[in-house]
Amino acid sequence: MSLLNILRYPDPRLHKVAKPITVFDARLKKLAADMAETMYEAPGVGLAASQVDVHEQLIVIDTSETRDDLRVFINPEILWTSPEKQVYEEGCLSVPGIYDGVERPARIRARALDLEGKPFEVEADGLLAVCIQHEMDHLKGKVFVEYLSPLKRNRIKAKMQKEERGMKREVERAVR
Ligand code: NI
């Protein structure tokens with residue numbers, strides 16, 4: 001397995017729309033395993049393929065305390081959302097260090113395929129419901145900061161770009 005590079009907001013590649021997966025082979029299993037390893041190492045509770053610059057509909061999630069309940073969702077669809085909403089403090093591995101409240105349906109029912117291509121359904125609430133919706137947004141090219149006000153979003157963008165420049169300078173110094 002190997003760790004994958006996570007794209008950082010505002011990288012334009014985060015806004016690409018992911019394509020459905022049609023081939024359930026060893027390549028797909030390796031991609032899912034590498035994404036899981038990358039998520040655990042980060043550490044994070046979810047990762048979408050879009051975040052590692054693979055624009056295919058694949059998500060890995062583990063919202064358990066014990067970090068041993070890996071869920072893989074391929075070509076996920078939302079079947080139902082509750083009328084009740086909840087505001088959850090969200091973060092994202094592509095926007096490190098930024099957390100803010102996002103309002104979404106509190107409960108959802110989703111359908112997806114597993115690594116063998118077999119369909120399954122899941123009902124979720126709490127953090128899992130938030131996470132599935134957040135990761136599915138990534139597949140549509142949407143990052144959670146897009147739910148925030150333009151003012152907040154621009155501040156976040158500026159902060160990320162400043163950090164990016166700082167990291168580049170450090171790399172340049174290291175290779176010199
Ligand atoms: Ni995210």
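When a ligand or atom number is given, it counts from 1 through the structure's own listing order.
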Measure from NZ or CZ of K142 to the centre of the six-membered ring of Y147, then state whether that distance is under 6.0 Å and the direction lies within 45° of the axis. yes

Residue pair P10 / H15, side-chain heavy-atom distance below 4.5 Å: no

Shortest non-hydrogen separation from G91 to Y99 and the atoms involved: CA-CD2, 3.7 Å

Write down the atom of G101, the atom of L148, and the distance for their closest heavy-atom approach. O-CD2, 3.8 Å

Ignoring waters, how many N, O or S atoms from the protein are under 2.8 Å from the Ni ion (ligand 1)? 3

Show me the donor-acceptor pairs within less than 3.5 Å that the side chains of residues 163-174 make with the rest of the protein, sequence neighbours left out.
{"from": "E163", "atom 1": "OE1", "to": "R8", "atom 2": "NH2", "distance (Å)": "2.9"}
{"from": "E163", "atom 1": "OE2", "to": "K159", "atom 2": "NZ", "distance (Å)": "3.1"}

All heavy atoms of E135 vs all of G46, minimum pair found to be OE2-C, 3.3 Å

